[in-house]
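Every heavy atom of this structure was used, including side-chain atoms; hydrogens, water molecules and symmetry mates were not. Convention: sequence-line order gives letters A, B, ...; per-chain numbering from 1.
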Number of protein chains: 2
Amino acid sequence: MDIRTLCLGILTMGDATGYEIKKTFEERLDLIFQASYGSIYPALNKLTEEGLVSCRAQSQEKRPDKKIYSITSAGRYLFFDEIMKKPAADRFRSEYLATLMFAHLLPAAAISELIDERIADRLQKIESLMSDCDTRQTDREQFLCNYGRTMYQAEIEYLQENRHLLEADALLGSRAAE
Amino acid sequence: MDIRTLCLGILTMGDATGYEIKKTFEERLDLIFQASYGSIYPALNKLTEEGLVSCRAQSQEKRPDKKIYSITSAGRYLFFDEIMKKPAADRFRSEYLATLMFAHLLPAAAISELIDERIADRLQKIESLMSDCDTRQTDREQFLCNYGRTMYQAEIEYLQENRHLLEADALLGSRAAE
DNA sequence: TGCTATTATATCGATTTGATATATTGTCCG
DNA sequence: CGGACAATATATCAAATCGATATAATAGCA
């Protein structure tokens, strides 16, 4: 499942412009799938060429034309086929954790600060998900929203209980440097 | 922090060939950062050009030459600068969860199967981390290893407790289709 | 009046993935 | 003994994707 396919999926929920599709990624899928204009617009062009979506232009008086995309029945069939396939493995990349793997090269204060900031960030994310969750209509969106909260909460607890492993390491390092 | 920088980081732990760097990514960083040959070899070439690593070729009798890379002092300084920077946000992409966001289009049996398989996969990952954890030398690697176990465990529990949200949705769908 | 946010399009270089190619050695299984 | 496969080692390439940037009008706020 690539971004092209997911654009198709978003269009099963109703017609939309490229801009609106981007907003949907940000507001409803940000936890699990990100997409930039640089991938969305080319995706929509390709889908149009292939007859999987259709596009009607709505001219606006003083703004650039809106291009409103609709999924075709061929598009619906293809999307259905795609979600029946076994999904590829998650891709996760964390500069934050990669940095911590070199904690022995960092001053002790920097490590503590990194962890404090991470916890604060996670708390803030949980809070913003809390308010979001209530406004979610479908059970699926509730499910995703609570999934995010659960994972962030687990991370916070892990950091609080295990930060000493990294911080002790750093103390040794700075003592050795004396 | 890009793959180029992380190659530099791996070389702070000792000289290595491109092949060995790839193995390090797989064996010690797979949970948080993946890299393919297609990014590692070009990264090493660029680092060499820039004088951040040096390269000596070790000719072998019947195999292709080994190119052994060492970090230079300029490289060490640069890497230190890099890890002192604020790390960029995590990037996470899950085709699995994206598929679940369209659970209403799937047959009920397919949803249950997806969830069962995910739980089995996570259990298996935990098990393989368990045996790995013991062989980890540094506290930092123990920290990462247990981080992975904790997150996978939290996911399993969440799925077990909340799968009904998606499965109930599907039942409604199939009843409506009757 | 000027600043920023929102709506809307789109492109482009740089990064990265995933597949593929090449070549030799070692190991396992029947 | 032969065949298949895994491991060691290099490298490239098309395709996907990111992140930044450009353009342009309106709305709202200070």
Side-chain angles (χ1 to χ4, degrees), chain A residues 1-8 15-27 29-30 32-50 53 55-69 82 87-95 98, chain B residues 1-8 15-27 29-30 32-50 53 55-69 82 85-95 98:
Chain A
M1 166 143 51
D2 52 11
I3 286 176
R4 206 173 124 264
T5 309
L6 208 41
C7 285
L8 217 47
D15 296 354
T17 65
Y19 181 74
E20 286 164 342
I21 289 174
K22 172 78 162 92
K23 270 207 304 184
T24 302
F25 271 104
E26 281 166 8
E27 291 167 9
L29 297 170
D30 191 52
I32 50 164
F33 218 107
Q34 300 83 43
S36 62
Y37 287 127
S39 52
I40 291 171
Y41 282 114
L44 289 170
N45 288 332
K46 211 182 163 199
L47 289 168
T48 307
E49 273 173 44
E50 293 166 343
V53 306
C55 171
R56 64 181 191 281
Q58 196 180 76
S59 62
Q60 299 184 117
E61 267 179 45
K62 298 243 175 174
R63 284 168 184 265
D65 282 10
K66 249 190 206 175
K67 290 189 188 172
I68 301 166
Y69 294 91
E82 286 295 324
D90 294 358
R91 242 183 284 165
F92 177 56
R93 173 199 231 162
S94 175
E95 294 191 13
Chain B
M1 166 144 49
D2 51 12
I3 286 175
R4 204 173 125 265
T5 308
L6 210 41
C7 286
L8 216 46
D15 296 355
T17 64
Y19 181 75
E20 285 164 343
I21 289 174
K22 173 78 160 89
K23 270 208 306 185
T24 301
F25 271 104
E26 281 167 6
E27 291 167 9
L29 296 170
D30 192 52
I32 50 164
F33 218 107
Q34 299 83 43
S36 62
Y37 287 126
S39 53
I40 291 171
Y41 282 113
L44 288 169
N45 289 332
K46 213 183 164 198
L47 289 168
T48 306
E49 273 174 44
E50 293 167 342
V53 307
C55 171
R56 62 179 192 281
Q58 194 179 79
S59 62
Q60 298 184 115
E61 266 179 46
K62 299 244 175 177
R63 284 166 183 265
D65 281 9
K66 251 190 204 175
K67 289 187 188 174
I68 302 167
Y69 294 91
E82 286 294 325
K85 286 184 190 167
K86 187 179 152 61
D90 294 358
R91 241 182 284 165
F92 177 57
R93 174 200 272 222
S94 174
E95 294 190 14

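Rounded to whole Å, atom P of D/dT12 lies 14 Å from atom CD1 of B/I40. Atom C1' of nucleotide C/dT9 and atom CZ of A/R56 are separated by 17 Å, given to the nearest angstrom. Atom CZ in A/R91 sits roughly 7 Å away from atom P in C/dT17 (whole-Å rounding). Nucleotide D/dC18 holds its P atom 14 Å from the CD1 atom of B/I3, rounded to whole Å. Regarding A/K66, its NZ atom lies at a distance of 14 Å from the C1' atom of D/dA25, rounded to whole Å.
B/T24 pairs by the side-chain contact (heavy atoms from CB on, under 4.5 Å) definition with B/I10, B/M13, B/R28, not counting sequence neighbours. Residues forming a salt bridge (charged side-chain N to carboxylate O under 4.0 Å, His left out) with B/R4 (at least two apart in sequence, or on another chain): B/E50.
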Practice prompt. Dump the intermediate steps for side chain to side chain contact (heavy atoms under 4.5 Å, CB included) on B/C7 and B/F25, then the final yes or no.
Written response: CA-CA 9 Å; B/C7 286; B/F25 271 104; 4.3 Å; yes

Check your understanding: Can A/R93 and B/I32 be said to form a side chain to side chain contact (heavy atoms under 4.5 Å, CB included), step by step?
Key -> CA-CA 5 Å; A/R93 173 199 231 162; B/I32 50 164; over 6 Å; no

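With rounding to the nearest 0.5 Å, the separation of CG in B/L6 from CD in A/E95 is 9.5 Å. In this structure, the separation between CZ on A/R56 and NZ on A/K67 is 14.0 Å, given to the nearest 0.5 Å. Separation of atoms CD (A/E82) and OG1 (A/T5) is listed at 4.5 Å; rounding is to 0.5 Å. Atom CG of A/L29 and atom CD of A/E27 lie 10.5 Å apart (nearest 0.5 Å).
Side-chain contact between B/I21 and B/E26 is absent, with no heavy-atom pair separated by less than 4.5 Å.
One end of the helix from C/dT1-D/dA30 to C/dG30-D/dC1 points its axis 40° away from the other end's axis, with each axis taken from 5 pairs and the angle rounded to 10°.
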Tabulate protein N/O versus nucleotide N/O from nucleotides 10-14 of chain C, keeping only pairs under 3.5 Å, one per line.
{"unit_1": "C/dA10", "atom_1": "OP1", "unit_2": "A/K67", "atom_2": "NZ", "d": "2.3"}

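The side chain of A/R93 contributes an N or O atom lying less than 4.0 Å from OP1 or OP2 of C/dT16.
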Side chains of residues 33-48 of chain B: which donor-acceptor partners sit under 3.5 Å, not counting sequence neighbours?
{"unit_1": "B/Q34", "atom_1": "NE2", "unit_2": "A/F92", "atom_2": "O", "d": "3.2"}
{"unit_1": "B/Q34", "atom_1": "NE2", "unit_2": "B/D30", "atom_2": "O", "d": "2.8"}
{"unit_1": "B/S39", "atom_1": "OG", "unit_2": "B/S36", "atom_2": "N", "d": "3.4"}
{"unit_1": "B/S39", "atom_1": "OG", "unit_2": "B/S36", "atom_2": "O", "d": "2.9"}
{"unit_1": "B/N45", "atom_1": "ND2", "unit_2": "B/Y41", "atom_2": "O", "d": "3.4"}
{"unit_1": "B/T48", "atom_1": "OG1", "unit_2": "B/L44", "atom_2": "O", "d": "2.7"}

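Applying a 4.0 Å cut-off to non-hydrogen atoms, none of the residues of residues 16-26 of chain B approaches DNA chain C.
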